[in-house]
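Quick notes on the structure that follows.
We count ligands from 1, going down the list as the structure has it; atoms in each ligand are counted the same way.
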Amino acid sequence: MADDLINSFMSGPDENGRFGDFGGRFVSETLMPLILDLEERYAHAKSDDSFWEEMDFLWKHYVGRPSPLYHAERLTERLGGARIYMKRDELNHTGAHKINNVIGQIILARRMGKTRIIAETGAGQHGVATATVCAKFGLNCVIYMGSHDVERQAPNVFRMRLLGAEVVPVTSGRGTLKDAMNDALRDWVTNVRDTFYCIGTVAGPHPYPAMVRDFQSIIGRETREQMLEAEGRLPDTLVAAIGGGSNAMGLFFPFLDDREVSIIGVEAGGKGVNSDLEHCASLTGGRPGVLHGNRTYLLQDDDGQILEGFSISAGLDYPGIGPEHSWLHETGRATYVAVTDSEALAAFQLCCETEGIIPALEPSHALAHVARIAPTLPSSHIVCMNMCGRGDKDIFTVAKALGIEMLGT
Ligand SMILES: *Cc1c(COP(=O)(O)O)cnc(C)c1O
């Protein structure tokens, strides 16, 4: 296995922002100085204790960290095998992990003297988290969102507007997340002086994938400590859902050098990875290419055109995946699997009924894989999954998928 040759999986990326053959900075000459400036400012902040003290304070008092590590006893009993734990990041302010990262980038933006924050959003979760933290600090906030998503995600668009953000519908390309990210990059080049671009996942040109990973790693650091306290040892298996891959990188990163811990990322299999692109599994069903300033696995056709994926979960339908995941996949340090919409729906219902927790559809994909493997494992085996978001936003989608009509809708 290739990973025997690697001393540490936690040392990347290299000075060019590369994780093996992946990552890097594939950007125009006009964008390059912005990226280099950000890299320098982040490197400086990262080694400054007062930066992390400010993060810790906000994580604790504004986000509600640490999130609990919860032993799901009835689910464990129902599945009849491995002991199942959930990292409860759905309990964060705004209902998901996204705010962990937004807090970090906005503290950095403030230190850089920026007064205008821009972001892209797909389903609207990152847009809401960004608008939230901008409201808290009195910063101007502009959110780029595909016009198609603006229509599909009306409640999140309204939330962002309530929080004082301007939502810009993107009509270029096909009007989706990929196009929103391109427009945000263009805005950044045009408004360099006062603007900070806050990216929502471990994608984009270097230093974004590493920076977002560093901010989300609070999830894995807490899990490690809490697991040692609860069980006196590390978990045997970690499982997390993957859109761009930030909640997964956040959980996985602090465990990468613990080779005895097996690591599994779960992609959105939609109607099946063999179906005619009605899925969003970049690693399981894509191949390497360049998108949004980095080289990684992508959903693309034979001519290299980026394809739109499909998933019942709007938060998982990014056509790429963070470059660090592509590297973990190629080195064999992590394993990536796909879960279909119907498997995720079944896991969603199982979680509601056995644990009294309504999960978002994204972590329902991780849970579905837990439900596959737990019965095959002994009761001494500990599985920990990332419950990265709550399901309030998804109840209408679930009702529709189950063919249930809600009163008053
Ligand atoms: C946005 C989102 C995701 C997908 O993003 P990652 O960067 O892969 O974590 C997953 N789950 C929830 C709840 C989200 O809001």
Side-chain angles (χ1 to χ4, degrees), residues 67 86-102 105 119-130 132 143 145 149 153 155-156 159 177 180-181 198-204 208-209 211-220 238-253 264-268 280-283 292 294 296-297 309 311-326 328 334 336 338-339 344 347-348 351 357-368 385-395 397:
S67 65
M86 296 173 174
K87 178 59 173 164
R88 302 283 308 275
D89 254 54
E90 98 280 11
L91 295 173
N92 294 340
H93 181 41
T94 69
H97 63 287
K98 296 254 167 40
I99 196 161
N100 301 330
N101 160 51
V102 170
Q105 290 194 51
E120 83 295 336
T121 199
Q125 297 297 109
H126 176 58
V128 168
T130 305
T132 297
I143 306 292
M145 189 170 189
D149 290 326
Q153 311 289 342
N156 275 341
R159 278 185 192 103
L177 174 58
M181 205 156 169
C198 179
I199 294 188
T201 190
V202 284
Y208 282 101
M211 180 170 69
V212 175
R213 172 203 71 196
D214 293 345
F215 295 150
Q216 291 293 1
S217 293
I218 185 67
I219 300 172
L238 299 173
V239 184
I242 298 198
S246 70
N247 85 84
M249 259 341 291
L251 177 66
F252 299 167
F253 186 71
I264 307 174
V266 183
E267 297 192 294
C280 216
S282 319
L283 272 180
H292 297 142
N294 72 93
T296 191
Y297 274 78
S311 166
I312 189 170
S313 160
L316 297 183
D317 66 4
Y318 180 62
I321 181 168
E324 195 166 7
H325 286 293
S326 294
L328 293 173
Y336 295 84
V339 150
F348 173 98
C351 185
I357 295 170
I358 301 180
L361 281 168
E362 294 89 356
S364 297
H365 285 71
L367 264 182
M385 63 80 60
N386 198 7
M387 182 57 77
C388 58
R390 60 177 176 243
D392 312 38
K393 67 183 177 62
D394 292 323
I395 55 171
T397 307

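H126 does not count as a contact of ligand 1, since none of its heavy atoms falls under 4.0 Å from the ligand. The closest approach between C388 and ligand 1 falls below 4.0 Å for a heavy atom of the residue.
Q216 and N101 are not linked by any side-chain donor-acceptor pair at a separation below 3.5 angstrom, with hydrogens and angles left out of the test.
In terms of N/O distances under 3.5 Å, ligand 1 is approached by G244. Not a single N or O atom of G389, backbone or side chain, sits closer than 3.5 Å to an N or O atom of ligand 1. By the 3.5 Å distance cut-off applied to N or O atoms, N247 is counted among the residues near ligand 1. Residue-to-ligand polar distances keep I242 apart from ligand 1: every N/O pair is separated by 3.5 Å or more.
Under 4.0 angstrom from ligand 1, the non-hydrogen atoms of K98 all belong to its side chain.
Atom 4 (C) of ligand 1 has as its closest protein heavy atom G315 O, 3.2 Å. With hydrogens left out, the protein atom closest to atom 6 (P) of ligand 1 is S246 N, 3.3 Å, a heavy atom.
Inter-residue side-chain proximity for D89 and N247 is flagged as unmet; no heavy-atom pair is nearer than 4.5 Å. Between I321 and S326 the shortest side-chain heavy-atom distance falls below 4.5 Å. H126 is not listed as a side-chain neighbour of I143, based on a closest heavy-atom distance of 4.5 Å or more. Side-chain contact check for M249 versus V212: every heavy-atom pair is 4.5 Å or farther apart. Looking only at side-chain heavy atoms (C-beta outward), Y208 and H292 stay at 4.5 Å or farther from each other. Side-chain atoms of T121 and D149, non-hydrogen and from C-beta on, never get closer than 4.5 Å to each other.
Within ligand 1, the atoms closer than 4.0 Å to a non-hydrogen atom of Q125 are 15 (O), numbered from 1 in the order shown. Each of the following atoms of ligand 1 lies closer than 4.0 Å to a heavy atom of T201: 6 (P), 7 (O).
Between the E362 side chain and the G315 main chain, a donor and an acceptor come within less than 3.5 Å of each other.
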